[in-house]
Amino acid sequence: MSRLEVDLPGLHLKNPIMPASGCFGFGQHYAELYDLNRLGAIIVKAATLEPRKGNPTPRVAETASGALNAIGLQNPGLDAIMTEKLPWLNDRFPELPVIANVAGSTEDEYVAVCRRISTAPNVAAIELNISCPNVAHGGMQFGTDPKMAAELTRACKAVSQVPVYVKLSPNVTDITVIAKAVEAAGADGFSMINTLVGMQIDLKTRKPFLGNRTGGLSGAAIKPVAVRMIDQVRHISALPIIGMGGVSSAEDALELLMAGANAIAVGSANFGDPQACPHIIDALPKAMDQYHIETIKSLSTNL
Amino acid sequence: MIQEKLTLVAQEQLTDNVFEMVLKGQMAHEPVTPGQFVDVKVPDESLLLRRPFGIASVDPNRDEIRLVYRTVGKGTHLLSELPVGIQLDTLGPLGHGFPTAFLKPGQHALIIGGGTGIPPLYELSRQLNQMGVVVTHAIGFGRRDQIFYADEFRALGEVAYATDDGSYGFHGHIGMLLDAQFNDRQFDAVYACGPRGLLMAVDNRYRDHPHAYISMESRMACGMGECAACVVAAKRKEQLLKVCSDGPVFATGKVEI
């Protein structure tokens, strides 16, 4: 057995590293730089029932050791994702597990997307996006209310053919309340954390820099928040956690795994280094040696 | 597109806040369409996003790519202070550049540039010259002391200058220069890169020209068409285009500027 291998509900991963949703699209251009089969899995861009145009520009602003983004779930819609994007990945990388990020404005929309996208041959799991901070309806409003989060999880679980990982928002007073609620509603796991709501003012115009006023903060700046929240959720739940938030090195990945994550998603680090994922995968064995870690699995305290 | 560590072999200050860097590596052997750009990682861990720069010129014989940039923020200031010999993680060439294949020797092209939009137009003018196309340049700057690449452009064809304060050439912005001096001149191709006002003027003026192109700028993150940060709206249909991968060059009349 490989030192890097990880088994999670619906996901047999040859290594624990996968690109996070939104930073990687459907991988088509990244595939020009490296073989996507090297990845443990791929979390693809959020799918909504209808195509979404997203937010006004500018949609991205750099911050100290991070970035604010407010893309606003721009995506080509479920039909195009089912007939073009997912088949493109399946034709070229049939062994690569795909985690489909699902978003919507209403419960009905989430349910309709889960029902259909979970039948795609290469979709191994769903990441239920109840935490996008950049849309007016749906998104984070589901993820910050335990009752709504639980109801949505239950409804999506009922129609999904694959395990459902609920993507938790850090923009709450107590993340464990939401985590407990969605676990009770049947979630198979968590992915965490989504971005933290932030804002930047342009001194010249004295107005918010981003077209959406606010955006989600990601990057190295948020890693300590991710570590703290993964630790909190690990203490109240044994469910698997796909950890993310500021990971850009093998050491960062190990830190989130030690906090309680079982696999790692890499987000905005892909902007700094488009080959961040393979570079982290390559660096893991040596970093594991340095800290006397035999296998990634051995770090999992819950499974 | 490749990702490569290019070596900084020269850096020169061209004006008060404009610098030229010469980068050496195999990327110079990639086919470059003028108007394409590279995405450079500033060697500072606190700066996450790469900086996109239009390719000012490429010399495969010397393995060199030249970039010309203005220092506007922390990233470009850091770049301007880098010592020769340092390696810069660079991604490119990226995007779709200016179409030129339709032009024949002896035909006429107009190149319109302003400020830091000018660098990629230099490689364009070089390639058009090599094709035997007759090139005229209309170039705008704020002031005389901001002008760079004057000798370089003059060697490639006629140059008409405009400055906002009238300290060199025509007194006024590029749109006014075009109105004053180019109304009765016909060109087989028109190319433009520069600030928003310049692009709007060119887009208006050459909306129905069959071969007129503008190069857009936008805040980018991934630089290769995956993250949807840098979109612009298409004019005639309900569609968003990505500046980094659908552009940065678009035909006139196609996008909201």
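Every chain is numbered from 1 and lettered A, B, ... according to where its sequence line falls, protein lines coming before strand lines. Both backbone and side-chain heavy atoms feed into the values below; hydrogens, waters and symmetry mates do not.
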Around atom [atom1] of [X], are there more than 12 heavy atoms from other residues, nucleotides or ligands closer than 6.0 Å?
{"X": "B:E217", "atom1": "CD", "value": "no"}
{"X": "A:R92", "atom1": "CZ", "value": "yes"}
{"X": "B:H96", "atom1": "NE2", "value": "no"}
{"X": "B:E238", "atom1": "CD", "value": "no"}
{"X": "B:R62", "atom1": "CZ", "value": "no"}

Under 4.5 Å from any heavy atom of chain B - which part of [X]:
{"X": "A:A67", "result": "both"}
{"X": "A:T63", "result": "backbone"}
{"X": "A:S268", "result": "both"}
{"X": "A:Y30", "result": "both"}
{"X": "A:D273", "result": "both"}
{"X": "A:F209", "result": "side chain"}

Side chain to side chain donor-acceptor pair (under 3.5 Å) between A:Q28 and B:E226: does it pass, once the steps are laid out? CA-CA 8 Å; A:Q28 285 160 299; B:E226 296 289 15; over 6 Å; no
Salt bridge flag under 4.0 Å for residues A:E62 and B:R51: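 Yes.
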Looking only at heavy atoms, what is the nearest atom pair of [X] and [Y], with distance?
{"X": "B:L91", "Y": "A:L33", "value": "CD1-CD1, 3.8 Å"}
{"X": "A:G272", "Y": "B:K41", "value": "O-CD, 3.4 Å"}
{"X": "B:C227", "Y": "A:I71", "value": "O-CD1, 3.4 Å"}
{"X": "A:R59", "Y": "B:A228", "value": "NH1-O, 2.7 Å"}

Side-chain touch B:Q3/A:P274, heavy atoms, less than 4.5 angstrom: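 The answer is yes; the side chains approach within 4.5 Å.
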Is a donor on one side and an acceptor on the other found under 3.5 Å between the side chain of B:R219 and the backbone of A:V60? no
Can you check whether B:M224's main-chain N or O pairs, donor with acceptor, with A:H29's side chain at less than 3.5 Å?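 The answer is yes, because a donor-acceptor pair under 3.5 Å joins these two groups.
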Do any pairs count as a side chain to side chain donor-acceptor pair (under 3.5 Å) and have a residue in residues 27-37 of chain B, sequence neighbours left out, and if so which ones?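 For residues 27-37 of chain B, and leaving out neighbouring residues, the side chain to side chain donor-acceptor pair (under 3.5 Å) pairs sorted by first residue read B:H29-B:D63.
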One option among B:V42, B:L47, B:D44, B:V232 has the most heavy-atom pairs under 4.5 Å with chain A, and it is B:L47
With rounding to the nearest 0.5 angstrom, report the CG to OG distance, B:L48 to A:S248. 8.5 Å
